[in-house]
Amino acid sequence: MRQAWLGFLLVVGMGVWGCSGERRSTAVGARAAAVVAAIGEPASVLPPLATETVGRDIGDLIYERLADLRPGMSPIDSSAYRPRLAARWERLDSVSWRFHLAPTARWADGRSVTSEDVRFSFDAFSDSLIDAPARPYLAGRVRIVTEDPATFRVKFAEPSPEQLYDATYHVRVIPEHIWGPVPREGWAGDTALSKLVGSGPYRVAAWRRGRFLRLEARRSEAVGIGQVVWRFAPDPDAALNLLLGHEADLMELVGPAARDPRPAADTAFRLTRYPSAAYGFLGFKVAASDGRPHPVLGSRTTRRGLSMAVDRSALARSAFGPEAVAPPGPMSRLLWIWSDSIRTLAFDTARAGAELARAGWRLGADGLRRRQDSVLRFDVLVPSSSSTRRELAGALQAMWRTVGAKVSVTTVDFPVFQQRLREGKFDSYIGAWLDEPSPRGLADQWTRAGWRGLNYGHYANPSFDALFSQAAATADPEAARRLYRRAMDVLNADAPAIFLYTPTNTAAVSRRLEGVEIDPYSWLSGLPRWRAR
């Protein structure tokens, strides 16, 4: 889940660069300069290697996709894509598309972007040595066949409604003439700025490790912000201090006013709200890796009773403010299959008690439920790095106490948290995921095929899997939407998890910045169209 707190810094004179000896002007020609304050420094901004959100944010201003999917649109809707590096494309048959590069596509060193660059980029993203996050969607599934320097075919191993999505969304194109001669095992350790050459609106002008990275607009690009600098802050408080000290013009996440009212009270800023791509949940351990059910949570009826005892809406608002909501399944509001008509288990403590009794858990005089000699007890695993998850665990603990469940909370460091999930050493856990535009990734989290992936609780229901597979293979967006929603109905009825929240992000934006539109999937991607007074 994205944890970055980012900001633009407006500085006069020496400003933020006094400590490094580098002066910063507030304009490049007639165009304004801005600085972004980010928590943490990315290991790389080269797209196949960029795993941190800050690295992807920077990379999205340097490198380009073949086409962009409009936010909130279905990836199986061919009209939802707008040209980027590719000027146009057409379907050839059930497994092939032909793309035509824009004649104006140029690398920052002046050379033309070619179809060979596209082939090289897809190969790099598919390489197990690089191990890019998108590799599972590309390796052995997508192949580029060049026809001439500006034309190429994208060939798929099998028919799929999401071919155009796979051809455009995952890969940012990188230059073959720069990275082709470099052995791939050396890519991660190569820090030469001369190799960070992209086709996007900005180029890397400087990167002082541990301090800052500076982008400058390419002369050929008509942009409103001519220079962008990222300062790498060590923690959220440091970034917030930049904002409140009026060194920062914009922060991506300032949180609900109830947690810190200072950004909202400062008249130099306006607050901009936009839906988050994240959703959070409590996942139950349904079964062990060998299929044996969990002694307590392996019971569908028990999980349903525990789910009905949770006021999800109240938890979402208490954790993330009044605009946060409890999702109707494993999704954020950005996912195109979202619908309030998806059936969920309603909060009802009386029904929760009845369901637990039906599972054999009898309420004793001490307020605890027992089945034979066993107390209804289990543990919730949370990472120590997330105060929000710790708070949610405490609130869940209190809610379950009212229906007779004795619940403990275990807090561990994040690497230990991840290890215990992989090894199945938990009863339940509080997790969070970032959506992508396609719901296809949910298969790795909630289907039987995901047992070796992200389905840590080992939930499995053949009906859910069948509906999900049918939806993923359906080319008509409305028909696919109906199937996905039916699959969510099955999932929610089984209660393998309690879907707790999807937040609304709040950015603090300086009133000098105009035309600010935020794409929740890549919040700075619209920056070339922004203006500054």
Side-chain angles (χ1 to χ4, degrees), residues 2 4-8 31-38 42 44-48 50-73 75 80-86 102 105 108 113 121 125 133-134 165 167-174 196 198-204 213-218 220-230 249-253 272-278 332-336 434-438 505-507 509 513-532:
R2 178 189 291 258
W5 297 57
L6 307 170
F8 278 108
R31 297 172 298 182
V35 179
V36 179
S44 178
V45 299
L46 187 70
T51 56
E52 304 96 340
T53 54
V54 177
R56 292 198 297 270
D57 290 340
I58 297 171
D60 280 351
L61 295 175
I62 304 169
Y63 303 92
E64 295 179 290
R65 296 180 173 101
L66 294 172
D68 287 336
L69 175 66
R70 292 181 175 88
M73 299 293 286
Y81 295 83
R82 53 193 174 200
R84 192 73 180 266
L85 271 178
V113 179
S121 300
F125 272 85
Y165 176 72
T168 60
Y169 186 80
H170 307 295
V171 174
R172 281 78 164 171
V173 179
I174 62 176
L196 298 179
S199 61
Y202 291 89
R203 66 176 186 87
V204 180
L213 181 148
R214 175 159 50 88
L215 300 184
E216 289 182 354
R218 294 170 57 189
S220 61
E221 301 289 345
V223 299
I225 305 291
Q227 189 173 169
V228 192
V229 183
W230 276 258
D249 286 327
L250 182 147
M251 281 186 63
E252 182 194 9
L253 299 173
T272 300
R273 295 178 175 84
Y274 59 98
S276 169
S332 75
R333 279 172 288 191
L334 295 176
L335 200 60
W336 62 280
L434 272 177
D435 274 343
E436 288 193 349
S438 169
N505 290 341
T506 302
V509 182
L513 296 176
E514 299 174 342
V516 175
E517 294 183 359
I518 296 177
D519 178 350
Y521 288 116
S522 180
W523 78 289
L524 288 175
S525 60
L527 186 141
R529 298 183 294 276
W530 298 3
R531 302 176 304 280

Hey, what do you get for [atom1] ([X]) to [atom2] ([Y]), rounding to the nearest 0.5 Å?
X      : Y      : atom1 : atom2 : answer
Leu334 : Asp435 : CG    : CG    : 7.0 Å
Leu85  : Leu66  : CG    : CG    : 6.0 Å
Leu215 : Ile225 : CG    : CD1   : 12.5 Å
Tyr521 : Ser332 : OH    : OG    : 5.0 Å
Thr53  : Leu524 : OG1   : CG    : 10.5 Å
Asp68  : Arg82  : CG    : CZ    : 5.5 Å

Does a side-chain heavy-atom distance below 4.5 Å link [X] with [Y]?
X      : Y      : value
Asn505 : Pro520 : no
Glu436 : Tyr165 : yes
Pro437 : Trp336 : no
Arg214 : Tyr202 : no
Ile62  : Val204 : yes
Leu213 : Val229 : no
Thr506 : Thr272 : no

Can you list the steps and then say if Phe125 with Val173 is a side-chain contact (heavy atoms from CB on, under 4.5 Å)?
-> CA-CA 10 Å; Phe125 272 85; Val173 179; over 6 Å; no

Which atom names give the shortest non-hydrogen contact between [X] and [Y], and what distance separates them?
X      : Y      : answer
Ala134 : His170 : CB-CB, 3.6 Å
Val223 : Pro201 : CG1-CB, 4.2 Å
Pro133 : Pro48  : CD-O, 4.3 Å
Ser121 : Val171 : CB-CG1, 3.9 Å

Heavy-atom neighbours of Glu517 CD exceed 12 at 6.0 Å =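 Check fails, neighbour count at 12 or below.
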
Passes side-chain contact (heavy atoms from CB on, under 4.5 Å), Leu46 versus Tyr63? Steps please.
-> CA-CA 8 Å; Leu46 187 70; Tyr63 303 92; 3.6 Å; yes

Is it the case that Ser525 and Asp60 place a side-chain donor and acceptor less than 3.5 Å from each other?
->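 No.
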
Exam field: side chain Arg218 to backbone Ser199, donor-acceptor pair closer than 3.5 Å |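 Yes, the answer is positive, given that a donor and an acceptor are paired below the 3.5 Å cut-off.
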
Residues Arg203 and Glu216 bridged, charged N to O under 4.0 Å |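 The answer is yes: the pair qualifies as a salt bridge.
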
Charged tip of Arg65 within 45° of Tyr169 ring normal and under 6.0 Å =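 Yes, cation above the ring, under 6.0 Å and within 45°.
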
Would you check, one step at a time, whether the test side-chain contact (heavy atoms from CB on, under 4.5 Å) holds for Trp230 with Val35?
-> CA-CA 6 Å; Trp230 276 258; Val35 179; over 6 Å; no

